[in-house]
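These figures come from a predicted structure and were not determined experimentally.
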Amino acid sequence: MEKHIDRIIAKTVITLISIYLAAPIVATIMYSFAKSWVNTILPDGWTFEWYLQLITNSDFLSALARSIILGFVTTIIAMCCFLPVVFYANVYDESIKAKLRFITVLPFTIPGIVLVTGLVRVYANLPVPQMLVLLLAISLLSLPVTYQALDNAFIAHDFRAMFEQALILGDLPIKAFVKVVIPNIRVGMFIAMLLTFTNAFGEYVLTNIILGGNYETLKIYMYRLMQSNGQASSVLTTVYFFFLAIISIIMIAIMKRQGSKKAEEVEDTKKL
């Protein structure tokens, strides 16, 4: 009887929390499709007019293109910088992994506004493009998620033995890395790239302070739209929400697929 009551209480609490979290999302989505919603419980009607206005707006398309470019370039920089480091730590010298874990915590401990203020003061009088400063700063802030995703991929196999065997067979280090290591960590790389891209795509503080209005990304455009048109901002928020939801679903599907493969490998090993 007590277990049954505890189960009912747990389900009630979870249901209330779910409603609390889902209500603003549902209301925003409904408002984005509403013709008019003033002093009524439900909208007066439904329309796609706001979405059509958004996707035909040149400012929105330009901001979207800038955000995609920023996310794509940041992802490339992050992978080129962090992948060799994680590879070295797992194959050559595992003793530095403790130091790397400490470094990956720093972006969480340093507020973004403090970091960007320091970057602006340091590079203000130096001949360094502000765009390069922004790209490197966002790459650094994405270090925790990028490192963790890549490190988890390297833990799955004995890459030291695999890499050494490839070298013994005559492959050059770079060729062995491309032929042996990358194919076995491609899932972890893909997840790291998705997380890094999402982090850069939604960056606001660094972009707004370092570049300001000179490079209006989707988040900056969204904030400007919220101050002028609530209906259009709801549409943009809905689009942004579904974009992140799709990325999350892709990552969850990949992780489930990878988990099922590992389970099958364990079962095959037990049978042997």
ring-ring contact (aromatic ring centres under 6.0 Å, His included) partners of residues 162-183, not counting sequence neighbours, each pair once: Phe87-Phe163, Phe87-Phe177
Residue pair Phe159 / Phe154: nearest heavy atoms and the distance that separates them: CD1-O, 3.3 Å
Take atom OH of Tyr223 as the centre, draw a 6.0 Å sphere, and report whether it contains more than 12 heavy atoms from other residues, nucleotides or ligands. no
If hydrophobic clusters are built by linking Ile, Leu, Val, Met, Phe, Trp and Tyr wherever their side-chain heavy atoms come under 4.5 Å apart, do Val85 and Ile182 end up in the same one? yes
Give, for atom OG1 of Thr15 and atom CD1 of Ile8, the distance between the pair rounded to the nearest 0.5 Å. 11.5 Å
What are the two closest non-hydrogen atoms of Tyr215 and Leu70, and how far apart are they? OH-N, 4.2 Å
Flag yes if more than 12 heavy atoms outside Phe72 fall under 6.0 Å of its CZ atom; otherwise flag no. no
Answer yes if Val187 and Val86 sit in the same cluster of Ile, Leu, Val, Met, Phe, Trp and Tyr residues linked by side chain heavy atoms under 4.5 Å apart, and no otherwise. no
Nearest 0.5 angstrom please: Asn208 CG to Lys219 NZ, how far? 11.5 Å
I'd like to know if the side chain of Thr196 pairs up with that of Thr75 as donor and acceptor (distance under 3.5 Å, no hydrogens or angles considered). no
For the residue pair Ser139 and Ala78, what are the closest heavy atoms and their distance? OG-N, 4.1 Å
If we only count heavy atoms from C-beta on, is the Phe197 to Thr74 side-chain gap below 4.5 Å? no
With a 4.5 Å cut-off on side-chain heavy atoms, are Leu195 and Thr146 touching? no
Are Leu134 and Ile76 linked, directly or through other ILVMFWY residues, by side chains that come within less than 4.5 angstrom of each other? no
May I ask whether Ile103 and Phe82 are part of the same hydrophobic cluster, defined by side-chain heavy atoms of I, L, V, M, F, W, Y residues being less than 4.5 angstrom apart, directly or through others? yes
ring-ring contact (aromatic ring centres under 6.0 Å, His included), that's the test. Do Phe48 and Phe33 meet it? Break it down for me. CA-CA 6 Å; Phe48 285 96; Phe33 287 100; 5.4 Å; yes
If only atom types and distance count, is the side chain of Asp151 paired as donor or acceptor with the main-chain N or O of Tyr147 below 3.5 Å? no
May I ask you to decide if Arg101's main-chain N or O and Thr104's side chain share a donor-acceptor pair within less than 3.5 Å? yes
Shared ILVMFWY cluster between Val180 and Tyr88, side chains joined below 4.5 angstrom? yes
Could you report the tightest heavy-atom contact between Val178 and Pro183, atom names first, then the distance? O-CD, 3.2 Å
Quick one: pull up NZ in Lys179 and CG in Leu172 and give me the separation to the nearest 0.5 Å. 10.0 Å
Ser142: what forms a side chain to side chain donor-acceptor pair (under 3.5 Å) with it, not counting sequence neighbours? none
Short question: side chain of Thr56, backbone of Gln53 - any donor-acceptor pair under 3.5 Å? yes
Do the side chains of Met162 and Val181 get nearer than 4.5 Å, heavy atoms only? no
What distance do Ile55 atom CD1 and Phe60 atom CZ have between them, rounded to the nearest 0.5 Å? 8.5 Å
With no hydrogens and no angle check, do the side chains of Asn90 and Lys97 hold a donor and an acceptor under 3.5 Å apart? yes
Taken to the nearest 0.5 Å, the spacing of Leu140 CG from Ile77 CD1 works out to 12.0 Å
Does any N or O in the side chain of Arg66 come within less than 3.5 Å of the main-chain N or O of Glu216, such that one atom is a donor and the other an acceptor? yes
Under a 3.5 Å distance rule, please check whether Ser32 uses its side chain to pair with a backbone N or O of Ile29 as donor and acceptor. yes
Output for pair (Ser67 OG, Phe243 CZ), nearest 0.5 Å, gives 9.0 Å
When you look at CE of Met193, are more than 12 heavy atoms from neighbouring residues, nucleotides or ligands closer to it than 6.0 Å? no
Ile174 atom CD1: more than 12 heavy-atom contacts under 6.0 Å: no
